[in-house]
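For reference, the structure discussed in these notes is given below.
Note that the coordinates shown come from a computational prediction; the quantities given were computed from them, not determined experimentally. Below, chain A is the first sequence line, B the second, and so on; all start at residue 1.
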Protein chains: 2
Amino acid sequence: MQRTSQKVSMAVIRRLPKYYRYLENLLNKEIYRISSKELSRIIGFTASQIRQDLNCFGGFGQQGYGYNVEELYKEIGKILGLVREYKSVIIGAGNLGQAIANYSDFQRKGFKLKAMFDINPKLIGLKIRDVEILDVDNLEDFIKENDIEVGIICVPFSKAQETADRLIAAGIKGIWNFAPFDIKVPDNIVIENVHLSESLFTLSYLLNEYNNPED
Amino acid sequence: MQRTSQKVSMAVIRRLPKYYRYLENLLNKEIYRISSKELSRIIGFTASQIRQDLNCFGGFGQQGYGYNVEELYKEIGKILGLVREYKSVIIGAGNLGQAIANYSDFQRKGFKLKAMFDINPKLIGLKIRDVEILDVDNLEDFIKENDIEVGIICVPFSKAQETADRLIAAGIKGIWNFAPFDIKVPDNIVIENVHLSESLFTLSYLLNEYNNPED
DNA sequence: TGAACTCTGTTAATTAATAAACAATTTTCT
DNA sequence: AGAAAATTGTTTATTAATTAACAGAGTTCA
Ligand SMILES: NC(=O)c1ccc[n+]([C@@H]2O[C@H](COP(=O)([O-])OP(=O)(O)OC[C@H]3O[C@@H](n4cnc5c(N)ncnc54)[C@H](O)[C@@H]3O)[C@@H](O)[C@H]2O)c1
Ligand SMILES: NC(=O)c1ccc[n+]([C@@H]2O[C@H](COP(=O)([O-])OP(=O)(O)OC[C@H]3O[C@@H](n4cnc5c(N)ncnc54)[C@H](O)[C@@H]3O)[C@@H](O)[C@H]2O)c1
C-alpha cells in the first residue's frame with residue numbers, strides 16, 4: 001500500500017473508469033477472481049501498469065491469488081465517487097440535452113437529473129421522463145433550493161461560458177460540458193469538457209494517415 | 001521543416017483539432033496573425049509545445065512574424081483530412097443517433113450523413129432532416145452501393161461489436177463508436193471509441209478529490 | 001537603411017509515463 | 001506438509017512527452 005498519499009496523475013485517473021467498466025462486465029459473467037495478467041489480456045493495458053495504477057490507491061490484490069473482482073469493483077467505485085448521488089441539471093433541452101436526459105445509465109450510477117432548463121418557450125413545461133423543462137430564468141433559484149451539484153451544459157457554444165458562470169455563481173460544484181468551447185472555471189470548481197468534434201476529427205486524421213502511409 | 005517523416009504521436013494528433021478550433025475562432029474575430037506565445041496564452045499549451053507540434057507537419061510560421069492564421073488553419077484542416085467529404089451512416093436511430101443526425105456542424109465539416117439504420121419497425125421509414133431511417137437488414141447493401149466510408153455506432157452496447165463487424169465486412173473504413181464497449185477492429189480499420197461515461201466518472205472522481213484533499 | 005527587437009525551428013534538458021524486474025507472499029497440488 | 005507455481009507490490013530501467021534554450025532569420029521603426 002502506498003503510504004504517502006501523493007497526487008495521482010490524470011493519466012491514471014482517466015484509466016479508472018475503464019477498469020470499473022471491465023470489472024462490471026466480469027461480474028456480469030460471474031467471474032470473481034482475476035490476475036493483472038489476465039486483466040491485461042482483456043483490457044489491453046500491460047499487467048505492470050494495472051498493478052501500478054491500482055497501487056496508487058491501495059493494495060487490493062493478494063500475492064499468488066490476484067484480485068477479488070467484486071471487492072476491486074467496489075473499491076474503484078468508491079475511488080470514483082460512485083457511491084453516492086449527485087443532483088444534477090441539464091441546461092439546454094435541445095437534441096443532445098434530451099438524449100442525455102433519456103439515458104438511464106448515468107442516473108443508475110448516481111447522477112440524478114432534477115430538472116432541465118431552456119430559453120425556448122416551446123420547450124418550457126415539457127417533460128422528459130418525469131423531468132420538467134424549466135425556464136432558464138429560474139436556474140439560480142432552483143440550484144440553490146435543491147442543492148444541485150452538477151450542471152450538464154448542452155447550450156450552443158456562444159452561451160456556454162455565460163451558462164457556466166451562472167451555474168458557478170449559484171453554487172454548482174462540477175460541470176460536464178458538451179459545447180465546443182473550453183469553459184474556464186475557478187480552481188474550486190471541476191470541469192469536464194467533452195468535445196465530440198475533436199474525437200471525430202481525430203478519426204478523420206487517422207483515416208487519411210492510413211491512405212497516405214508515411215513510413 | 002521536419003525532413004524525415006517519422007510517426008507523429010497520438011498526443012500530438014489529439015491536440016490538432018483544438019488548434020483547428022481556436023484558429024477558426026481567431027479568424028471569426030478577424031485576427032490574421034498570431035505568435036506561438038500569444039496562442040499559448042489563449043489555448044493553454046506552452047508556446048514551445050505549440051511550435052513543436054506544428055513542426056511535426058511543416059514549418060508554417062515565419063521567424064520574427066509568427067503564424068498566418070488563415071494559412072495555418074487551412075494547413076491543419078488538410079492534415080486532419082477536413083478537405084474532403086466522408087459519406088457516413090448512423091446505426092441505431094435512438095436518442096443519441098437522432099441527436100447526432102440533427103447536428104449540422106459535423107455535416108458542415110464534411111461528414112455527410114447518407115442514411116440511418118435501426119431494427120425497430122416503428123422508426124424505419126421516418127426521416128431526420130431529410131435522412132431516412134432504413135431497416136438494418138439493408139445495411140451491407142447500402143454501404144456497398146453508396147461507398148460509405150464512416151459508420152457511427154449508436155446501438156446498445158450488446159450489439160456494438162456485431163454491428164462493427166457487419167460494417168467492416170461491408171467495406172467501411174472508419175467507425176465512430178458511442179456504445180460503452182471497446183470495439184475491436186482489424187489494423188486497416190480506424191476506430192474512435194467515445195465513452196461518455198468515462199468522462200462523467202472522471203468528473204465524479206475530481207468532485208470527490210476536491211472534497212477530500214490529500215495533500 | 002540599419003539597429004533593436006521578435007519569433008520560429010530545432011536541439012538539448014527535464015519531467016512524466018510506461019514497462020521490466022524481482023523479492024516476498026500465497027496458492028495449488030501431490 | 002512441503003515443493004513448485006503463481007502473482008502481487010514495489011523498485012529500477014526505459015521510453016515518451018514536455019519544457020527550456022538559443023542560434024538564426026525576419027520584422028519593425030526611427
Ligand atoms: N447534437 C449533437 O450531436 C452535438 C454534438 C457535439 C456537440 N454538441 C454541442 O452540444 C450543444 C447542444 O447541441 P444540440 O444539438 O442539442 O443543440 P440544440 O440547438 O438542439 O439545443 C440547444 C438548446 O439550448 C437552448 N438554449 C439556447 N440558449 C440558451 C440559454 N442561454 N439558456 C438555456 N438554454 C438555451 C436552445 O433553446 C436549445 O433548445 C451545442 O453546444 C453543440 O455544439 C452537440
Ligand atoms: N443517450 C445518451 O446520452 C448516451 C450516452 C452515452 C452513451 N450512449 C450509448 O449510445 C448508444 C445509443 O444510446 P441511445 O440513448 O440512443 O439508446 P436508444 O435505446 O435510444 O437507441 C438505440 C437504438 O438502437 C436500435 N437498435 C438496437 N439494436 C440494433 C441493431 N442490431 N441494429 C440497428 N439498430 C439497433 C434500437 O432500436 C434503438 O432505436 C448506447 O450504446 C448507449 O449506451 C448513449
Item checked: B/Arg84 to B/Tyr86 six-membered ring, cation-pi geometry met (6.0 Å, 45°) ->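 The answer is yes; both the distance and angle limits are met.
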Note to self: Could you check whether B/Arg33 makes a cation-pi contact with B/Tyr65, meaning its NZ or CZ is under 6.0 Å from the centre of the six-membered ring and within 45° of the ring axis?
What the structure shows: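 B/Arg33 over B/Tyr65 ring: yes.
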Protein-nucleotides 18-22 of chain C N/O pairs closer than 3.5 Å?
residue : atom : partner : partner atom : Å
C/dT18  : OP1  : A/Arg15 : NH1          : 3.4
C/dT18  : OP2  : A/Arg15 : NH1          : 3.0
C/dT18  : OP2  : A/Arg15 : NH2          : 3.1
C/dT18  : OP2  : A/Gln49 : NE2          : 3.4
C/dT18  : O5'  : A/Gln49 : NE2          : 3.4
C/dA19  : OP2  : A/Thr46 : OG1          : 3.2
C/dA19  : N6   : A/Gln52 : OE1          : 3.3
C/dA19  : N6   : A/Gln52 : NE2          : 3.1
C/dA20  : N7   : A/Ser48 : OG           : 2.8
C/dA20  : N6   : A/Ser48 : OG           : 3.2
C/dA21  : N6   : A/Arg51 : NH2          : 3.2

With a 4.5 Å limit on heavy-atom distance, are the side chains of [X] and [Y] in contact?
X: A/Arg15; Y: B/Glu198; value: no
X: A/Asp165; Y: A/Ile183; value: no
X: A/Lys74; Y: A/Glu71; value: no
X: A/Leu27; Y: A/Glu24; value: no

Polar atom pairs (N or O), protein with nucleotides 27-30 of chain C, under 3.5 Å:
residue : atom : partner : partner atom : Å
C/dT28  : OP1  : A/Arg33 : NH1          : 2.7

Check the distance between [N]'s [atom2] and [X]'s [atom1] and give it to me in whole angstrom.
X: B/Arg14; N: D/dA17; atom1: CZ; atom2: P; result: 13 Å
X: B/Leu54; N: C/dG9; atom1: CG; atom2: C1'; result: 11 Å
X: B/Ile34; N: C/dC7; atom1: CD1; atom2: C1'; result: 13 Å
X: A/Lys37; N: D/dA5; atom1: NZ; atom2: P; result: 13 Å
X: B/Asn55; N: C/dT8; atom1: CG; atom2: C1'; result: 8 Å
X: B/Phe57; N: C/dT10; atom1: CZ; atom2: C1'; result: 17 Å
X: B/Ile13; N: D/dA17; atom1: CD1; atom2: P; result: 10 Å

Margin query: Is a donor from one side chain sitting under 3.5 angstrom from an acceptor on the other, for A/Tyr22 and B/Asp182?
Written below: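 Yes, B/Asp182 and A/Tyr22 have a side-chain donor paired with an acceptor closer than 3.5 Å.
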Checklist line | Check: A/Tyr19 ring centre within less than 6.0 Å of A/Tyr73 ring centre | finding: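 For A/Tyr19 and A/Tyr73, the ring centres are not under 6.0 Å apart.
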Check: Do the ring centers of A/Phe142 and A/Phe117 come within less than 6.0 Å of each other?
Finding: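 Between A/Phe142 and A/Phe117, the centre distance is under 6.0 Å.
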Note to self: Tell me whether the side-chain N/O atoms of A/Tyr67 come closer than 4.0 Å to OP1 or OP2 in D/dA6.
What the structure shows: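 The answer is no; no side-chain N or O of A/Tyr67 sits under 4.0 Å from OP1 or OP2.
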